[in-house]
2 protein chains.
Amino acid sequence: MGSCEVLSLPTSCEDMKRFVERSSRTSTVLIVGVAEIEYRGRAASYAAPAPRLVVLKPDGTLLVHENVKREPLNWQPPGAVHSYSCEEGFVIRSVRRSPREEVRIVLRGVELVAACRLASTELHVYGREEDLARLVVQNPHVVEPGAVVVGREIRTPFGKIDVLLRAPDGRLLVIEVKNEKATVASVAQLKRYVEYYRERGIDAVGVLVAPGISEEGRRLLMKEGFRLVDSSSFTSAKTRSLESYITR
Amino acid sequence: MGSCEVLSLPTSCEDMKRFVERSSRTSTVLIVGVAEIEYRGRAASYAAPAPRLVVLKPDGTLLVHENVKREPLNWQPPGAVHSYSCEEGFVIRSVRRSPREEVRIVLRGVELVAACRLASTELHVYGREEDLARLVVQNPHVVEPGAVVVGREIRTPFGKIDVLLRAPDGRLLVIEVKNEKATVASVAQLKRYVEYYRERGIDAVGVLVAPGISEEGRRLLMKEGFRLVDSSSFTSAKTRSLESYITR
DNA sequence: GCCTAGGTCCCGTTG
DNA sequence: CAACGGGGCCTAGGC
């Protein structure tokens with residue numbers, strides 16, 4: 001269907017400017033060339049001229065990539081406004097407000113300019129914390145026999161509680177779910193929620209549902225008298241749903 | 001210097017395979033085409049065939065971008081190993097161990113294939129927490145007149161303390177530095193450090209150095225009797241150094 | 001807009 | 001290797 005348009009080089013800066021202005025509204029523009037980059041905003045940085053890849057997306061996203069790393073060297077998130085000019089070279093100025101941030105790129109030796117219409121889909125990712133929380137809600141007995149679900153994503157002044165259960169003896173079970181190994185910060189988070197109830201005279205106990213915990217996390221957990229439920233016990237079910245999902 | 005090589009299309013899958021295998025050791029490879037993507041690892045996802053940009057870096061990084069968002073739809077961090085084959089289309093298989101993760105991309109309608117040698121530099125970003133902590137170490141009096149520096153990045157079982165000061169009255173001042181507005185989690189972190197000392201019978205007080213704090217953060221801060229030092233008071237100095245830096 | 005928390009977070013550093 | 005915390009984190013969801 002021919003969704004890419006490649007600008008034939010060499011060309012004048014003005015031609016490049018016209019090409020990019022025209023195509024960047026609907027297409028993702030790729031530019032490879034010697035780029036000098038200044039960034040000022042929440043922090044600041046300067047990168048001396050070197051060959052880099054610049055990606056401009058129609059939603060205002062700006063990416064500057066080098067030969068290494070998953071992360072761009074410099075960037076602008078969606079919503080930034082780009083403007084182009086011909087000065088010391090082809091200049092891209094990308095501005096974002098709130099927070100006010102600006103990236104200025106000077107391109108000199110341009111090697112490749114292409115504009116491609118790409119998709120913008122919603123990717124469903126399976127196997128996140130939300131999925132694990134759902135499993136807990138559907139099987140509260142894995143935390144404690146006879147426990148019943150009180151609520152999900154309960155808001156407190158200190159954040160949302162993943163799952164709230166009530167044990168047969170009346171105590172509240174505050175459940176914090178972690179998809180990956182829990183850390184000391186996970187336990188601290190749980191502690192904030194439990195203290196919120198205890199300060200209101202409600203008997204609550206913290207329960208961490210995670211596939212494991214760091215040594216320091218365990219220490220704090222013990223000190224607070226909280227419990228750890230190993231979620232690997234029901235990862236088989238998780239894997240099964242995952243398989244059915246991935247194979248369409 | 002001609003650092004980009006563009007594969008002329010259309011071409012056979014075998015030619016593409018050879019081109020990518022050859023160039024991907026030293027160059028960043030850009031492929032635009034209709035891509036179908038499966039990911040399995042810490043989570044799992046499936047993306048139906050659609051036009052997308054695939055970036056392969058020599059360090060093993062894999063990126064799949066669409067028309068929107070700063071974040072790639074799918075990816076593999078540095079260290080992944082890519083292999084290529086011709087099956088239902090041009091197939092890229094990218095495997096990472098620890099954690100074991102795999103991305104499989106099937107490319108059918110290929111629109112653009114280019115390989116470019118890009119730079120790999122070290123970018124110095126100025127204005128991060130480290131810089132603010134340095135300012136505190138150099139000017140402990142902004143926290144408390146007469147305070148002296150005890151240490152920096154002190155390790156406790158609950159994490160590293162940014163700066164530790166001793167007040168003229170002998171009390172320890174545990175300083176937590178935040179480059180941006182502090183949150184409830186920042187205060188909780190500080191609380192862990194202070195409690196560490198108090199449990200050992202050492203009189204300690206928490207001080208948060210930040211350009212501001214969220215309302216809930218402030219509430220917890222008050223409750224704990226900690227102090228907030230507004231770092232905007234010495235951002236002028238920060239800005240000055242930043243200016244001298246950015247203008248080379 | 002602020003605030004909270006998750007993320008296939010990535011990334012560097014240290015033990 | 002694990003663990004911890006920063007990051008210009010980004011992104012989604014509430015309010």
Side-chain angles (χ1 to χ4, degrees), chain A residues 39-45 61-62 68-80 96-103 122-123 125-133 153 155-162 176-186 189 192 212-218, chain B residues 39-45 61-62 68-80 94 96 98-103 122-123 125-133 153 155-162 176-186 189 192 212-218:
Chain A
Y39 155 70
R40 297 152 166 280
R42 287 169 289 183
S45 68
T61 298
L62 166 73
V68 291
K69 304 247 177 84
R70 200 209 81 135
E71 292 303 301
L73 186 73
N74 286 106
W75 72 89
Q76 206 64 288
R96 167 199 196 187
R97 338 85 159 73
S98 182
R100 166 85 191 184
E101 302 204 279
E102 181 172 342
V103 175
E122 288 278 316
L123 184 68
V125 178
Y126 192 85
R128 294 185 302 184
E129 188 184 295
E130 189 190 340
D131 304 297
L132 196 50
E153 308 216 332
R155 281 186 62 89
T156 76
F158 304 115
K160 265 186 292 187
I161 294 170
D162 291 333
E176 174 68 25
V177 177
K178 289 291 163 193
N179 201 19
E180 294 187 85
K181 202 174 215 185
T183 70
V184 65
S186 320
Q189 193 180 342
R192 289 204 297 277
I213 188 165
S214 73
E215 202 40 57
E216 297 307 341
R218 183 182 297 278
Chain B
Y39 155 70
R40 296 150 167 280
R42 288 168 288 182
S45 67
T61 297
L62 166 72
V68 291
K69 306 248 175 82
R70 199 208 83 136
E71 292 303 300
L73 186 73
N74 287 107
W75 72 89
Q76 204 67 287
S94 173
R96 167 199 196 186
S98 182
R100 166 85 192 185
E101 302 202 278
E102 181 173 341
V103 175
E122 288 278 317
L123 184 68
V125 179
Y126 192 85
R128 294 185 303 182
E129 188 182 294
E130 189 190 339
D131 304 297
L132 195 50
E153 309 219 331
R155 280 187 63 91
T156 76
F158 304 115
K160 265 186 290 188
I161 294 170
D162 291 333
E176 173 69 25
V177 178
K178 288 292 163 193
N179 201 18
E180 295 188 82
K181 201 173 213 185
T183 68
V184 63
S186 321
Q189 193 179 344
R192 290 204 297 276
I213 188 165
S214 73
E215 202 40 58
E216 297 307 341
R218 183 183 297 277

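No hydrogens, no waters, no symmetry mates; every other heavy atom, side chains included, goes into these values. In what follows, chains are A, B, ... by sequence order, proteins preceding strands, each numbered from 1.
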### Message
Looking at A/S214, I'd like to know whether one of its side-chain N or O atoms comes within less than 4.0 Å of OP1 or OP2 on D/dA2.
### Response
no

### Task
Please measure how far the C1' atom in D/dG6 lies from the corresponding atom in D/dC10, and state the result in whole Å.
14 Å

## Note on the structure
Here the distance between atom C1' of D/dG7 and atom CG of B/D131, to the nearest Å, is 13 Å

### Task
Flag the pair A/L123 / B/N74 as yes when at least one side-chain heavy-atom distance between them is below 4.5 Å, and no otherwise.
yes

### Query
Could you give the CD-to-C1' distance, from B/E176 to D/dC4, as a whole number of Å?
12 Å

### Query
Between B/Q189 and D/dG6, is there a side-chain N or O to OP1/OP2 distance below 4.0 Å?
yes

### Task
For salt bridge (Lys or Arg N to Asp or Glu O under 4.0 Å), just list the numbers for A/K178 and A/E176, CA-CA rounded to whole Å, side-chain angles, deciding distance to a tenth of an Å, and then say yes or no.
CA-CA 7 Å; A/K178 289 291 163 193; A/E176 174 68 25; 3.4 Å; yes

### Message
Salt bridge check, A/E101 against A/R96: does any charged N sit closer than 4.0 Å to a carboxylate O?
### Response
yes

#### Entry: First encountered from the 5' end of DNA chain C, between A/D162 and A/R97
A/R97

### Task
Measure from CD1 on A/I161 to C1' on D/dG13 and round the result to the nearest Å.
17 Å

### Task
Could you state the atom-to-atom distance from CD1 of A/I213 to C1' of D/dA2 in whole Å?
14 Å

### Query
Roughly how many Å is it from CD in B/E215 to C1' in C/dG1, rounded to a whole number?
15 Å

### Query
Checking all strands, does A/R192 fall into the base, sugar-phosphate, or nothing category for heavy-atom contacts under 4.0 angstrom?
sugar-phosphate

### Task
State the CD-OH distance between B/E102 and B/Y39, to the nearest 0.5 angstrom.
11.0 Å

### Query
Under 4.0 Å between a side-chain N or O of A/S98 and OP1 or OP2 of C/dG1?
yes

### Query
Along nucleotides 8-15 of chain C, 5' to 3', which nucleotides get a B, which get an S, and which get a -, given that the test is a protein heavy-atom distance under 4.0 Å?
BSSSS--S

### Query
Does OP1 or OP2 of D/dG6 have a side-chain N or O of B/K178 closer than 4.0 Å?
yes

### Phosphate contact (D/dA3 OP1 or OP2) by A/K181 side-chain N/O below 4.0 Å
yes

## Note on the structure
When rounded to the nearest 0.5 Å, the distance separating CD of A/E153 from CG of A/D162 is 7.0 Å

### Message
Assuming nearest nucleotide by heavy-atom distance, tell me which of B/E129 and A/T183 is located more 5' along DNA chain D.
### Response
A/T183

#### Entry: From A/T183 atom OG1 to A/E215 atom CD, the distance as rounded to the nearest 0.5 Å
13.5 Å

### Query
Is the closest side-chain heavy-atom distance between A/R70 and B/E71 below 4.5 Å?
yes

#### Entry: Assigned partner base of D/dG8, Watson-Crick or wobble definition, under 3.5 Å
none

### Message
Taking only the P atom of each, what is the distance from C/dT4 to C/dT8 in whole angstrom?
### Response
22 Å

